[in-house]
Structures are given as C-alpha cells and as structure tokens.
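Take a look at the structure set out below.
Because the structure is a prediction, the values reported are computed rather than measured.
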Amino acid sequence: MKTKLREIELLAPARNADIAIEAIIHGADAVYMGPSCFGARSSAGNATSDIARVAEFAHQYGARVYATVNTIIYDNELARVERLIHDLYKAGVDALIVQDMGILRLDLPPIALHASTQCDLRTPEKARFLQSLGFSQLVMARELTLHEIKAIHNAVDVPLEAFVHGALCVSYSGRCQVSQCLKGRSANRGECAQICRLAYDLEDAHGNKLVVDKHLLSLKDFMAQPSLAHMLDSGVSSFKIEGRLKDMAYVKNVVAYYRQELDKVIAAHPDLYRRSSRGKTEYAFTPDVSRSFNRSFTTYFLQQRRPANGHTMASIDTPKSLGQPLGRITSVHGKHVRIDTRVPLHNGDGISFFDKKGNYCGFRINRVQGQDLFLKESGDIPRMAMAYRTSDKSLDDVLSRPSATRRIDVDARLWWSHGKLCLALADERGNRVVHSLVMERADPAKTSQEARQLDVLAKLGNTIYQLSRAQVMGGVFIPSSLLAQLRRETFAMLDRAQRLTLKRPVRRPEDKAAQCYTSTLYCADNVANKLAAQLYRDHGVKEIEPAIELAMPGRDVPVMHTRYCLRRELGACRRDVKARQLPDPLFLRSGNTLLRVECDCKACEMHIFIS
C-alpha cells in the first residue's frame, strides 16, 4: 500500500504585510503574523485588512497564513478576542496560534487552532491532551532533543512544529515571569522586557564576585540546519523561523537559506515528503544566514543534553549581533587596518570586535583594498582581535530591491475544434481549466508557427505563472491577437479556479472525555480567565492557581524555569568531578536587581528566583 507523503512546511515570521509577502516570494510555505492586539509581540501588530492582503497573496501558492492570538487573556477581554477571531477568519486566516485555553470556549468560526510555543509542550502526555482539545498543529518547546521530539511524534497524529532558526529565550516559553515581576511587563502579554539580555555579576552568598559584567542569561541564536534530516525523521513537519521583530532583509535571507536546505532533504526522500505549498523560487543572491543578524549559533539541546564539555550556549560577552566571523586583525596603523580573512569585504561594511577591556566596538569601512581596510576614523583597535562583519553592504543592497521570483508551473495544450480555438491549462496546484474563442477556420501555415505560438503563450507578464510545457499548432496560422486574448482569459480562469477550490483547514473536534495530564495547575501554567479555568476543570483538573499577572507569587516561586544551566555553561557542572567548583547558592546581580539561582541537578534544569 502506498504511503501518504507527509507535507513539510517552512514557516516564516512577519512583522508586517510587506515582509509576509516577501517571505512567501522567497519560499515560505506559511507565515505567522500578529493581529492588532493579543499577539505575543505587542510591537508587531497588523490591521485585519493587511492580514487579508497577505492571505490573498499566499493562497495563490497554496501557502497559509497563521495569526498569533497567543497572549493570555483577561475576563474582560474575552468578548473582544471573540470578535477579533471572527474578523481574522473573514480575512482568510488559515489558523490561529493560541496559548490561552479560554479561546476554546468562545463562540468561534470553524478555524483551525495551533498550540503556541507558550503552551510549553515538552511531554507526550501534554501533546496528547492538546490534541484531544482540537488543536491541529502543536508547537514544541525549543529545548527538546531529537529523541524527545520522536516520543511526542509517536504519541499524536497531528503535525508537529519546531523552531529551526533564530533567537532563543533562556526560559521555557510561557514559564518566564521575571519581566512581569520586576517591570510589570508580562512576556505572556507580549511585553517582555528582555531581562535575560542584561549584563550580570555572578556572586556567592557573601557578595563575592565570581564573574563580572557578563550577559550570563543571553543565549546564542538557534541554527538547526545540520539536523534538518534528523528533525524530519523524528517527526517534525513544520519548521519555524523565529523573528517577528526582524526586518525585511533578515527574513528574505533566512527564509531563502532554509528553503534551499529543506528542499535538498525533501528531494532526497521523494517517497516520504512533499512541500506543503507550490511554486518555484529563483533568487538574485546566495542565501547565507551568517550574513544576517546573529549572536553566533548553537544547536541548543537538539542532538543531546550536552555535558560540561566545552560546548557553550550563551553569548555572554554581548547580546548584540556578532554577524559573520572574518578572521584576526593582524595590523593597525591609524585608519589603516588589515584583517586575515578570505571573506570578500566591501566599502560600507560594518566591522565589530572586542577591545582590550572587553567592550564590543565597531567601525565602518571607508575603502577596501584586498585585506587592507581604510576607515573613516581611527580608534583603539587591538591587534589579533577577532573581527566580525555585522553590516553587509553588498547583501543589504541586493535585499533592498526585488530579490526573488516565485512562479507556478503551468502546462498548456492548444487545439482547434468545430470553429473554436481551444486552450487547456493545468498547473502544479492541481487546477485544470479549458477555454475557447471563435476561430471559424484553421488555415494551414506557410511556415512553422510553433516558435511564435509558444512565445505568445509564454508572455505571462507580472502573473505568478510560468509556462512549463506546451503543445501548440505549429502547422496552423493563428492571429497573435486572438491567441493573446485566449491566453489572458484562460489564465484568469486559472486564478478563479484556485480561489474556488481553495480549502482552508478547519478546527478539529474536542474530545470531551479526555483527561488533563495533571490534576493541579500552578501560576506558571498561566490560567488568567474563567473560561480557561472551566476548560481545565471539564477535563479533570482539581486545583488551579491564577496566573502571576493576576496574583503576584511569593519569593519561593521561580520566575524563570530553564533547561540552560549556568553551572554547565561556566564549566562547573556538579556531575563532572573534574569541573570547576562554584559555591552554592549563586546570585545574579544587575543594578538593584538580585536573582537567586538554584540548579536542579537531578532534572538537569535551573530555576531563578527574585531574591
């Protein structure tokens, strides 16, 4: 029996409609973007009309649009959220990405629901429960290993979504309350103050400084490209790029890079996988993620839960972009600097380095001559410092212009029958249309008309189509104007066929008898309204603590729960008898803020408390 191919989705972020459309052009199978409110990036909201424009564009390729309605919701906001969701459905949105379970008890249109990464999905038990509630796609925690992903995949029938690239939150998503507790800005309400990106001193119980002025909670960026085949094999169907606050150039470059890399794996396994949307993309540049914003890269916990073996996950020296590593600065003479690099540099590039005091600094190249750089200003640039390119002028110039095209392949067949010139079109999306115009006679041509007819049929202008194969009537004379009219009208019919046959996913039914994976929910489980509480009670939960946004916890409640461990990062893992020794407890100090660090070595996790 033939195995059904698993549809594989490259899911791209979009701060606004223009970026969303470019993400699709550059190869995304789906985009996720925030509506005007209730999205977990409050500064990346979009009008419903703009989301509708994206949906109309995306659906031409069979691509999808997901709206992020993934904040926690208060009781007095439920009616407003319900109206918003109806508006999003009318705008053509294919699914909602949600965190708050109260949404499932609203009067909703039949729109598909995806469980947000804020749901903190780490176990097969929780995955089964979320599936039973009617979620069509599950976004897994970033911290999972391939083995853990496989276990979740074996437990459910719905597609699994995993992050593949971008910034990492140090805490399990949805379980970070430090911003709310310290600044009154809830990460679960889209207002994270990014406390994790601050510089800290690491202290012992007596205030002795063990590490000074380092960004100890600021992680490198995730980059899972080397593991794409393994992720597919483990059950991932949707590969999500982080970055709803990133600019157009970043999204273009990163989407294009993963489109090409994912296509290689899919092409190697045509019996297992297929793309979830249609259309071939051609690029005016060579995608390279190292040339876009990054804090250097980590595979995080994907391959294994790494011991203290020198592997680092944090970018403790700076939370800013390190960009593309170049090589060492070998000489400095005023405004003249030489870098030992094989990377071509260009006038206007931005170069960064760490000075002798450990400060992250940079300069702009005025002129390049081989490895010799001539700067606009001289500065304190140390010899043998590692140099990074954080601003790539040549790539930015290309990406500031139209930098890709995406076309749908169409086969055409032209014939004459009973006084009519007929044209049939069949595209790679599965659409087929036939149209005809009156042409009373089919007179033989004196010379072959094949090339001219093919040329007329291939003139598709600014449409999304390209002619793949065509059967024409080279032995018959057809007026070019008539053939052009037939082409225009038939391709317009192909557009209508795609709109008429488009099927949006619908919400799965809820299993009313399903039991929750736990009988007790705590403040970090983010229950913030009566409908969410009722849903959990309907599924067997007995005790429910309110979300921290409703009731501030005591100091014995962690405000961060992480799989990242400072002890391991600093080479002081307690499981390694040869490791560096650090006292217990540990504290993080930044200005007037003091955080207590407790390591749960049995679970290999870390908890952070306000001290």
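For the pair Met248 and Leu399, the minimum side-chain heavy-atom distance is 4.5 Å or more. Counting heavy atoms from C-beta on, the side chains of Leu302 and Tyr300 never come closer than 4.5 Å. Residues Pro124 and Ile152 form a side-chain contact, since some pair of their non-hydrogen atoms from C-beta on lies under 4.5 Å apart. In this structure the side chain of Tyr89 reaches within 4.5 angstrom of the side chain of Ile111, judged on heavy atoms. Residues Met101 and Val527 have side chains not in contact (no heavy-atom distance under 4.5 Å, counting atoms from C-beta outward). Side chains of Gln99 and Ile72 form a contact here, defined as non-hydrogen atoms less than 4.5 Å apart.
Judged by distance alone, the side chain of Glu242 and the main-chain N or O of Ala167 form a donor-acceptor pair under 3.5 Å. At distances below 3.5 Å, at least one donor-acceptor pair connects side-chain atoms of Asp201 with backbone N or O atoms of Asp213. Here the side chain of His86 pairs a donor or acceptor atom with the backbone of Asp107 at under 3.5 angstrom. Side chain of Asp204 to main chain of Leu210: no donor-acceptor pair is present (N/O by atom type, distance under 3.5 Å, no hydrogens or angles). Judged by distance alone, the side chain of Asn70 and the main-chain N or O of Ile97 form no donor-acceptor pair under 3.5 Å. For the pair Asn46 (side chain) and Gly34 (backbone), a donor-acceptor distance under 3.5 Å is present. When atom types are taken as modelled, the side chain of His215 and the backbone of Arg197 share a donor-acceptor pair closer than 3.5 angstrom. A donor-acceptor contact shorter than 3.5 Å is absent between the side chain of Ser227 and the backbone of Met231. Side-chain N or O atoms of Ser315 include one that pairs as donor or acceptor with a backbone N or O of Thr318 at under 3.5 Å. Distance alone, capped at 3.5 Å, is enough to place a donor-acceptor pair between the Ser321 side chain and the Asn294 backbone.
Aromatic pair Tyr66/His114: ring centres closer than 6.0 Å. The aromatic ring centroids of Phe239 and His165 lie 6.0 Å or more from each other.
In plain terms, the two heavy atoms of Pro13 and Ile19 that are nearest each other are O-CG2, 4.1 Å. Taking each heavy atom of Leu108 and Ile103 in turn, the nearest pair found is CD1-O, 3.3 Å. Closest of all the heavy-atom pairs between Ser179 and Arg185 is OG-O, 2.5 Å. Nearest heavy-atom pair across Glu545 and Cys523 is OE1-N, 2.9 Å. Heavy-atom minimum distance, Asp100 versus Ala532: OD1-CB, 3.6 Å. The shortest heavy-atom contact between Tyr564 and Leu217 is CE2-CD2, 4.3 Å.
No donor-acceptor contact under 3.5 angstrom links the side chains of Ser292 and Lys246, judged on distance only. For His26 and Ser403, the side-chain atoms include at least one donor-acceptor pair closer than 3.5 Å. Side-chain contact check for Ser186 and Glu549: at least one donor-acceptor pair (N or O, by modelled atom type) lies under 3.5 Å. Side-chain contact check for Glu9 and Ser238: at least one donor-acceptor pair (N or O, by modelled atom type) lies under 3.5 Å. Between the side chains of Gln118 and Asn188, at least one donor N or O sits under 3.5 Å from an acceptor N or O. Side-chain contact annotation: Ser276 with Arg64, donor-acceptor N/O pair under 3.5 Å absent.
Because its NZ or CZ atom is both nearer than 6.0 Å to the ring centre of Tyr172 and within 45° of the ring axis, Arg122 counts as a cation-pi partner of that residue. Figure legend: Lys214 and Tyr200 shown without cation-pi pairing, the cationic atom not lying both under 6.0 angstrom from the six-membered ring centre and within 45 degrees of its axis. Geometrically, Arg15 does not engage Tyr250 in a cation-pi contact defined by less than 6.0 Å to the ring centre and at most 45° from the axis.
For OH of Tyr522, the number of neighbouring non-hydrogen atoms (other residues, nucleotides, ligands) closer than 6.0 Å is 12 at most.
Taking CG of Leu88 as the reference point, atom CZ of Phe38 lies at 11.5 Å (rounded to 0.5 Å). Taken to the nearest 0.5 Å, the CZ atom of Phe222 stands 10.0 Å off from the CZ atom of Phe163. Between Met560 atom CE and Leu595 atom CG the span is 7.0 Å, to the nearest 0.5 Å. The CG atom of Leu160 sits 6.5 Å away from atom OG of Ser237, with the distance rounded to the nearest 0.5 Å.
For the pair Lys240 and Glu161, the salt-bridge criterion is met [side-chain N within less than 4.0 Å of a carboxylate O]. Salt-bridge annotation for Lys530 and Asp75: absent, with no side-chain N of the basic residue lying under 4.0 Å from a carboxylate O of the acidic one. Salt-bridge formation is not detected for the pair Asp120/Arg142: no Lys NZ or Arg NE/NH1/NH2 atom is positioned less than 4.0 Å from an Asp or Glu carboxylate oxygen.
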Checklist entry - Can you check salt bridge (Lys or Arg N to Asp or Glu O under 4.0 Å) on Arg596 and Glu203, steps first, answer last? => result CA-CA 10 Å; Arg596 186 176 81 256; Glu203 299 179 351; over 6 Å; no

Checklist entry - Yes or no on side chain to side chain donor-acceptor pair (under 3.5 Å) for Lys220 and Thr312, after CA distance, side-chain angles and deciding distance? => result CA-CA 9 Å; Lys220 296 178 180 178; Thr312 60; 2.8 Å; yes

Checklist entry - Please walk me through it: do Asp94 and Arg504 pass salt bridge (Lys or Arg N to Asp or Glu O under 4.0 Å)? => result CA-CA 6 Å; Asp94 296 283; Arg504 283 193 284 170; 5.0 Å; no

Checklist entry - Do Arg364 and Ser391 pass the side chain to side chain donor-acceptor pair (under 3.5 Å) test, and can you show the C-alpha distance, the side-chain angles, and the key distance before you say yes or no? => result CA-CA 9 Å; Arg364 184 75 63 176; Ser391 177; 3.1 Å; yes

Item to check | Stepwise side chain to side chain donor-acceptor pair (under 3.5 Å) check, Glu510 with His539 | outcome: CA-CA 11 Å; Glu510 179 181 339; His539 290 278; 2.7 Å; yes

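Between Thr68 and the choices Arg41, Met33, Arg244, the side-chain contact (heavy atoms from CB on, under 4.5 Å) rule is met once, by Arg244.
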